[in-house]
Student: 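Pasting a structure below so you can have a look.
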There are 4 protein chains.
Amino acid sequence: MARVKSPEKRAAILRAAVRELANSGLGAPTAKIAARAGVAAGTLFTYFPNKQALLNELYLELKGEAYARVNAKFPGKGSLERRARHIWSSYLEWAIEFPEKRKVSVQLNVSDVITHDTREKTAAAGGAVRQTLSELDRRAALRGLPAGFASATMSALQEAAMEFVGREPRRRKHLMARGFQAFWRALR
Amino acid sequence: MARVKSPEKRAAILRAAVRELANSGLGAPTAKIAARAGVAAGTLFTYFPNKQALLNELYLELKGEAYARVNAKFPGKGSLERRARHIWSSYLEWAIEFPEKRKVSVQLNVSDVITHDTREKTAAAGGAVRQTLSELDRRAALRGLPAGFASATMSALQEAAMEFVGREPRRRKHLMARGFQAFWRALR
Amino acid sequence: MARVKSPEKRAAILRAAVRELANSGLGAPTAKIAARAGVAAGTLFTYFPNKQALLNELYLELKGEAYARVNAKFPGKGSLERRARHIWSSYLEWAIEFPEKRKVSVQLNVSDVITHDTREKTAAAGGAVRQTLSELDRRAALRGLPAGFASATMSALQEAAMEFVGREPRRRKHLMARGFQAFWRALR
Amino acid sequence: MARVKSPEKRAAILRAAVRELANSGLGAPTAKIAARAGVAAGTLFTYFPNKQALLNELYLELKGEAYARVNAKFPGKGSLERRARHIWSSYLEWAIEFPEKRKVSVQLNVSDVITHDTREKTAAAGGAVRQTLSELDRRAALRGLPAGFASATMSALQEAAMEFVGREPRRRKHLMARGFQAFWRALR
DNA sequence: GATGAATGAGGTTTCATTCAT
DNA sequence: TATGAATGAAACCTCATTCAT
């Protein structure tokens with residue numbers, strides 16, 4: 001039987017990609033990524049057909065990881081506010097814990113390398129989150145705002161919150177709480 | 001005296017850069033930018049010493065243009081809400097009118113090509129906006145939020161609002177108004 | 001393991017570099033060197049990190065080759081004159097046999113591309129030659145001439161001799177002998 | 001009447017060329033030469049049809065200057081040794097006084113930019129020097145050395161002497177005298 | 001499957017020279 | 001004549017991808 005593609009190597013490549021992309025932007029050479037992952041330049045292409053595919057898979061991975069955080073211990077039966085707060089906090093904690101991952105995720109998001117297909121997949125991975133956010137949307141709708149506005153607002157405000165937590169890590173808890181308050185009021 | 005460096009050509013290059021960058025990301029070749037601007041490849045480098053400089057100047061130009069929009073007809077003596085609403089609307093209108101400019105501006109912003117120096121210059125160009133936003137900040141501070149949170153929130157929510165206006169251009173007026181309402185409530 | 005970096009290819013590149021540099025000076029394009037070596041333009045850079053490095057390694061190679069000639073059959077136990085004559089003749093023969101190599105070596109020498117480091121390495125490669133030349137120097141010192149003058153004089157006179165041997169190859173033996181005589185008398 | 005080409009500008013360009021070429025080698029850009037000369041890039045080409053012509057004229061100029069030094073106060077009626085010593089010293093003094101000029105002269109000499117025509121012109125400019133050197137050659141010929149060997153030897157030994165004078169400028173007089181002694185003995 | 005040398009298209013930038021002013 | 005902007009060929013080098021080992 002032939003050797004089998006090792007999940008460890010695949011993971012190492014993705015990990016290395018995060019580091020390199022965070023440092024050098026999307027132009028980071030595949031050779032450097034491979035080197036940091038401890039594999040040969042060519043090996044990268046047995047795990048990913050080309051760079052674009054690598055970037056798309058990385059994007060999925062990052063989004064998936066963030067969603068996993070949110071879904072863990074999700075208070076499925078809590079009030080809408082309780083659930084929204086959970087989403088707010090758990091995602092924010094992930095982003096703060098892994099600033100490089102978040103940075104790369106943002107860069108990939110605004111770039112043109114992410115295919116429509118990939119975007120659909122991440123949307124699908126929403127799970128419990130989607131449900132909650134659409135409930136919020138329905139509330140927002142009463143106020144004449146379109147579907148999706150709630151989640152867009154949340155991520156927009158999280159963006160803002162993150163920057164400040166980055167500057168004053170000590171006040172993290174406080175800033176996260178206040179940030180959520182602002183969010184909640186925005187949609188009230 | 002010989003031919004004089006023409007502001008038109010400079011402007012054409014910047015205009016072409018917006019188009020190319022919007023289409024192909026920051027990796028867009030200088031040769032293509034020059035071609036679209038109707039000048040020779042080498043000419044680009046008589047107007048900008050290198051690609052990085054071009055991108056930085058472009059960023060300044062875009063930010064400057066947006067600020068100019070906001071500063072025009074700024075109701076310097078209006079209430080805080082009035083002034084905030086003006087900033088909200090006028091910037092949003094610019095962004096909606098020139099989606100490519102906005103896209104490129106965002107891409108430049110998250111990339112690493114923008115120097116510290118450039119960022120300082122854009123900050124300095126704030127003018128009337130800064131004054132208003134810092135008033136907002138002082139209010140926000142009462143709510144335990146850090147300095148700068150107000151403007152970060154505004155631009156984050158504008159980001160969200162833009163997306164929706166893009167999808168439903170007909171409801172532009174309505175969405176802009178509602179979006180501001182959300183913003184205003186967030187900071188109450 | 002993948003293909004292994006082939007010494008033949010490296011040698012072919014250096015050989016091609018000699019030809020191209022002899023023809024077109026130090027400005028000879030790396031692309032032409034690669035083409036003459038029968039490799040792709042990019043391949044040159046897997047053997048040498050950049051053009052300057054290529055030129056420095058070439059210089060080392062040429063100097064090394066010349067020294068190897070001299071060191072072969074070096075009459076380590078002969079009289080000072082005998083040893084000096086050997087150096088004189090064997091180097092000269094090399095230079096006459098490979099005029100392009102010598103030309104390139106001279107060009108590299110007066111240019112600014114050769115690093116201090118490279119110069120030190122060639123000096124270190126001197127071996128038996130250095131020993132003999134410093135003996136000569138000690139004799140020269142008696143005549144009030146500074147250390148290093150002997151070897152400088154030798155290479156300077158060889159330079160002159162070479163030109164004439166080039167013009168009248170038939171009288172090579174004779175000219176080499178007379179040239180050495182002039183050298184020997186200069187330092188008596 | 002049209003403006004006339006100013007000899008001052010021509011001279012300034014040649015002067016600037018020496019500086020630039022000494023610093024950056026023959027690849028020094030014409031634009032930098034022009035800038036250092038205080039003229040516009042294009043002006044350079046009204047004084048010299050192209051770069052190669054500039055380099056050739058510069059070579060002539062440098063050789064001419066050196067010859068002028070030698071011809072001044074030439075002891076036309078002195079003994080052969082007296083005349084040879086004058087050539088030796090006066091050229092050496094020039095070379096020591098203007099190290100950049102000498103460096104550039106050497107670089108031009110080994111390069112391929114100097115045309116056959118230019119070389120003939122410099123040879124022709126020899127004047128009194130040629131006469132003396134050919135007398136030396138006739139003496140050398142008795143020793144079985146070819147025509148031209150005397151002058152080749154002289155410039156070769158001067159090359160060596162210069163290096164050492166450069167290192168110990170204080171002993172200039174002494175080194176020049178001893179160097180000539182070595183030269184004289186070589187041909188004795 | 002793993003390796004890394006080989007490839008060559010393509011990127012940025014330089015520069016001699018031209019030419020409108 | 002003087003200027004310096006404009007030109008575009010060409011230089012060096014990078015890099016995604018292929019493929020012999």
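Each chain gets a letter, A, B and so on, in the order the sequences are listed, and its residues count up from 1. Just so you know, these numbers use all the heavy atoms, side chains as well, and skip hydrogens, waters and symmetry mates.
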Student: Could you tell me the Watson-Crick or G-U partner of F:dA9, where both distances fall under 3.5 Å? Say none if there is no partner.
Tutor: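 Paired with F:dA9, as far as the under-3.5 Å criterion goes, is E:dT14.
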Student: Looking at F:dT3, E:dT21, E:dG4, which one has an atom nearest to any side-chain atom of D:Val39?
Tutor: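 Shortest atom-to-atom distance from the side chain points to F:dT3.
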Student: Are any side-chain N or O atoms of B:Ser105 and backbone N or O atoms of B:Arg102, one a donor and one an acceptor, separated by less than 3.5 Å?
Tutor: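 No: the side chain of B:Ser105 does not pair with the backbone of B:Arg102.
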Student: Check every strand shown and say whether D:Lys9 touches a base, only sugar-phosphate, or nothing at a heavy-atom separation below 4.0 Å.
Tutor: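 Sugar-phosphate contact only.
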Student: Name the residue closer to the 5' end of DNA chain E, choosing between C:Leu44 and B:Lys32 according to the nucleotide with the nearest heavy atom.
Tutor: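 In this pair, the answer is C:Leu44.
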Student: Main chain of D:Thr115, side chain of D:Tyr59: is a donor-acceptor contact present, judged purely on distance under 3.5 Å?
Tutor: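 Not at all, since once roles are kept as given, no pair shorter than 3.5 Å links the two residues.
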Student: Check this one for me: any side-chain N or O of B:Lys51 less than 4.0 Å away from OP1 or OP2 of E:dT13?
Tutor: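 It does not, given that no N or O in the side chain of B:Lys51 lies less than 4.0 Å from OP1 or OP2 of E:dT13.
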Student: In terms of side-chain heavy atoms of A:Ala40, which of E:dG4, F:dG4, E:dG11 is nearest?
Tutor: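 My answer, after comparing the listed nucleotides, is E:dG4.
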Student: Do any side-chain nitrogens or oxygens of A:Thr30 fall under 4.0 Å of OP1 or OP2 in F:dC15?
Tutor: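 A:Thr30 to F:dC15 OP1/OP2: no side-chain N or O under 4.0 Å.
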Student: For residues B:Arg119 and B:Asn56, is any side-chain donor paired with an opposing acceptor at under 3.5 Å?
Tutor: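 Checked: B:Arg119/B:Asn56 side chains show no N/O donor-acceptor pair below 3.5 Å.
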Student: Which nucleotide, in any strand shown, forms a Watson-Crick or G-U wobble pair with E:dA6, with both distances under 3.5 Å?
Tutor: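 Answer to the pairing question: F:dT17, which forms a Watson-Crick or G-U pair with E:dA6.
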Student: Mind checking D:Ala28 for me? I need base, sugar-phosphate or nothing, with any heavy atom below 4.0 Å counting as a touch.
Tutor: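 Sugar-phosphate: the residue D:Ala28, judged by heavy atoms under 4.0 Å, touches backbone atoms but no base.
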Student: What is the distance from CD1 of C:Ile33 to C1' of F:dA10, rounded to the nearest Å?
Tutor: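 Going from C:Ile33 (CD1) to F:dA10 (C1'), I get 15 Å.
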Student: Within the distance-only criterion (no hydrogens, no angle test), does the side chain of B:Lys103 pair as donor or acceptor with the backbone N or O of B:Ala22 below 3.5 angstrom?
Tutor: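 Present.
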Student: Expressed in angstrom and rounded to an integer, what is the separation of D:Leu26 atom CG from F:dA11 atom C1'?
Tutor: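 My rounded result for the distance is 17 Å.
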Student: Closer than 4.0 Å, any side-chain N/O of D:Thr46 to the OP1 or OP2 of F:dA2?
Tutor: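 True: D:Thr46 side-chain N/O within range (under 4.0 Å) of F:dA2 OP1/OP2.
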Student: Take A:Thr46 and A:Thr43, measure what side-chain hydrogen bond (donor to acceptor under 3.5 Å, both in side chains) needs, and give me the verdict at the end.
Tutor: CA-CA 5 Å; A:Thr46 72; A:Thr43 302; 5.6 Å; no
Student: Rounded to the nearest angstrom, tell me the gap between atom CG in B:Leu54 and atom C1' in E:dT13.
Tutor: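 It works out to 13 Å between those atoms.
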Student: With a 4.0 Å cut-off on heavy atoms, is C:Tyr47 in touch with a base, just the backbone sugar-phosphate, or nothing at all?
Tutor: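 Sugar-phosphate contact only - C:Tyr47 comes under 4.0 Å of backbone atoms but never of a base.
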Student: From CZ of A:Phe48 over to C1' of E:dG1, roughly how many Å is that when rounded to an integer?
Tutor: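 To the nearest whole Å, that distance equals 15 Å.
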Student: Could you give the CD-to-P distance, from B:Glu8 to F:dA5, as a whole number of Å?
Tutor: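 Nearest whole value for this atom pair: 15 Å.
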Student: Tell me the interatomic distance from D:Asn50, atom CG, to E:dC15, atom P, rounded to whole angstroms.
Tutor: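 It works out to 17 Å between those atoms.
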Student: Counting side-chain heavy atoms from C-beta on, which of F:dT17, F:dA5, E:dT3 comes nearest to A:Phe45?
Tutor: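 In terms of side-chain proximity for A:Phe45, the closest of F:dT17, F:dA5, E:dT3 is F:dT17.
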Student: Please check if the side chain of A:Asn50 supplies one atom and the backbone of A:Phe45 the other of a donor-acceptor pair under 3.5 Å.
Tutor: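 Not at all, since once roles are kept as given, no pair shorter than 3.5 Å links the two residues.
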Student: By nearest nucleotide on DNA chain F, pick out whichever of C:Pro49 and B:Gly42 is the more 5' one.
Tutor: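 The residue closer to the strand's 5' end, by nearest nucleotide, is B:Gly42.
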Student: Rounded to the nearest Å, what distance is computed from the NZ atom of residue C:Lys5 to the P atom of nucleotide E:dA5?
Tutor: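 Going from NZ in C:Lys5 over to P in E:dA5 covers 5 Å.
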Student: For the pair made of CG in A:Leu21 and P in F:dC15, what is the distance, rounded to whole Å?
Tutor: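 So the two atoms are 13 Å apart, to the nearest Å.
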